[in-house]
Amino acid sequence: MSDALAIEPVSPHLLRSLREHVHERLRRAIVAGRFRNGERLNERQLADMLGVSTTPVKDAIRMLESEGLVRTEARRGVFVEFSARQALEMALGRAALESVMTHIAANRISATEIAEMARLIDEMAHATEHSALEDLVHLNEAYHGMIHRVSGCAYLERRLDGQRMYDHAQRIALLAEASERARGFDEHRGIFEALRAHEPARAEQRMRSHIVRSAKSHVRQVFGADAEGLDYDE
């Protein structure tokens, strides 16, 4: 086959099903606070808003229910289940697991991995400076993913899988703000410095502080207040 007749590959985002696209849109809207905790969701209205039939909406709602973001009550309907307290609890769980992984990574990280992470930091600095939100979200996730990989804690990483959707949506919401982009980058650079110096206790503390601080910022951004009754200082 000649080069002129070669077929370009299909973009990965086009391979996703309509149900997955609807699921992501609804999930992001809930985590961003566009639907309030306890609000009833009307499947027909959601379908009209999204320009789809009710079938992918029903499928997406079942997925959201499995993630704990909505609840279905017999003969009453579907209701949003996402409060300030729940958001902070999810982040505290992530902070506990990921800070331990960062501690272990600081003991294990190699010179090659330090160089790889340094390149990530440089790319994050460039994306932060140029307000490249999509790139920054991707780099942010690559950075945390690399720490997970270096730690070798496959079990702990699996425990984090259940809330990746929340972490992703939180990053999109927070990194849309310039002050948050700058502060987040400084924190990531500080964690890297502790990893590079093989200082596990400092790396662990900085990762925990970063996650908790970011979560509290997101809770205030979405709900306009701190999570009542859940006091945790870092």
Side-chain angles (χ1 to χ4, degrees), residues 20-43 45-46 49-50 57 60-73 77-99 124 127-128 131-141 143-144 159-188 207-234:
E20 290 173 315
H21 284 289
V22 171
H23 172 228
E24 181 178 339
R25 294 288 179 86
L26 291 178
R27 181 177 63 190
R28 189 181 300 178
I30 291 171
V31 173
R34 293 176 191 152
F35 299 105
R36 310 309 297 177
N37 185 45
E39 182 176 346
R40 184 176 182 275
L41 299 179
N42 183 291
E43 292 177 358
Q45 289 180 352
L46 291 175
M49 289 169 60
L50 293 164
V57 172
I61 284 175
R62 281 194 289 270
M63 296 169 71
L64 291 170
E65 189 166 22
S66 71
E67 295 169 345
L69 291 177
V70 302
R71 70 178 188 279
T72 301
E73 297 182 11
V78 178
F79 298 86
V80 173
E81 187 88 348
F82 188 67
S83 64
R85 185 184 180 95
Q86 178 178 335
L88 188 52
E89 282 184 18
M90 292 170 69
L92 292 179
R94 176 190 165 205
L97 294 175
E98 195 162 352
S99 61
M124 292 171 77
T128 300
S131 303
L133 177 58
E134 186 174 343
D135 290 343
L136 196 52
V137 170
H138 171 73
L139 291 166
N140 194 305
E141 293 175 349
Y143 173 90
H144 285 269
R159 300 283 69 77
L160 290 171
D161 284 344
Q163 65 179 68
R164 289 190 191 279
M165 55 85 194
Y166 168 70
D167 300 335
H168 179 73
Q170 175 188 288
R171 287 185 177 107
I172 292 173
L174 279 179
L175 294 175
E177 298 184 359
S179 61
E180 184 63 36
R181 289 194 295 273
R183 190 166 185 181
F185 173 71
D186 285 343
E187 291 169 350
H188 283 121
M207 178 61 81
R208 183 184 297 109
S209 294
H210 165 62
I211 294 173
V212 173
R213 199 273 315 157
S214 296
K216 288 184 175 182
S217 293
H218 182 244
V219 166
R220 285 189 290 271
Q221 181 190 65
V222 172
F223 300 97
D226 294 331
E228 295 182 7
L230 190 60
D231 298 321
Y232 185 85
D233 297 320
E234 180 56 43

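Computed over heavy atoms, backbone and side chain alike; hydrogens, waters and symmetry mates excluded. Positions are given from 1, in the same order as the sequence printed here.
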Donor-acceptor under 3.5 Å (Arg71 side chain, Val78 main chain): no

In terms of heavy-atom contacts, Ala127 and Asp135 come closest through CB-CB, 4.4 Å

With rounding to the nearest 0.5 angstrom, report the CG to CE distance, Leu88 to Met90. 11.0 Å

Could you pull out the closest heavy-atom pair between Asn37 and Ser83, with the gap in Å? ND2-CB, 3.7 Å

Rounded to the nearest 0.5 angstrom, the CG-CD1 distance for Leu64 and Ile30 is 5.0 Å

Atom pair CZ (Arg94) and CG (Leu160), whose distance is rounded to the nearest 0.5 Å: 7.5 Å

With no hydrogens and no angle check, is any side-chain donor or acceptor of Arg208 less than 3.5 Å from a backbone partner on Ala95? no

Heavy-atom closest pair (Val80 atom, Arg36 atom, distance to 0.1 Å) is CB-O, 3.3 Å

Rounded to the nearest 0.5 Å, how far does CZ of Arg27 lie from CD of Glu20? 10.0 Å

Decide side-chain contact (heavy atoms from CB on, under 4.5 Å) for Val31 and His168; before the verdict, give the C-alpha distance in whole Å, the side-chain angles of both, and the deciding distance to 0.1 Å. CA-CA 10 Å; Val31 173; His168 179 73; over 6 Å; no

Can you check whether Met63's main-chain N or O pairs, donor with acceptor, with Ser66's side chain at less than 3.5 Å? yes

Report the C-alpha distance between Leu136 and Asn140 in whole Å, list the side-chain angles of each, state the deciding distance to 0.1 Å, and finish with yes or no for side-chain contact (heavy atoms from CB on, under 4.5 Å). CA-CA 6 Å; Leu136 196 52; Asn140 194 305; 5.6 Å; no

Heavy atoms, side chains only, cut-off 4.5 Å: are Lys216 and Arg220 in contact? yes

Decide if atom CD of Glu73 counts as having more than 12 heavy atoms of other residues, nucleotides or ligands within a radius under 6.0 Å. yes

Can you find a heavy atom in the side chain of Leu50 that is under 4.5 Å from one in the side chain of Leu26? yes

Euclidean distance, Ile211 CD1 relative to Asp167 CG, rounded to 0.5 Å: 8.0 Å

Checking side chain to side chain contact (heavy atoms under 4.5 Å, CB included) between His210 and each of Glu98, Glu187, Arg183, which is the one that passes? Glu187

Spatial distance of atom CG (Leu41) from atom OG1 (Thr72) [nearest 0.5 Å]: 9.5 Å

Residues Phe79 and Gly38: closest non-hydrogen pair is CD2-O, 3.4 Å

Which atom names give the shortest non-hydrogen contact between Val219 and Ala87, and what distance separates them? CG2-CB, 4.0 Å

Looking at Val137 and Leu175, what are the two nearest heavy atoms and their distance? CG2-CD1, 3.9 Å

For residues His144 and Met207, determine if any side-chain heavy atom of one lies less than 4.5 Å from a side-chain heavy atom of the other. yes

Minimum side-chain heavy-atom gap Phe35-Leu46 below 4.5 Å: yes

The criterion is side-chain contact (heavy atoms from CB on, under 4.5 Å); which residues satisfy it with Glu177, sequence neighbours excluded? Ser179, Glu180, Gln221

For the residue pair His188 and Tyr143, categorise the inter-ring angle as parallel (less than 30°), tilted (30 to 60°) or perpendicular (more than 60°). perpendicular

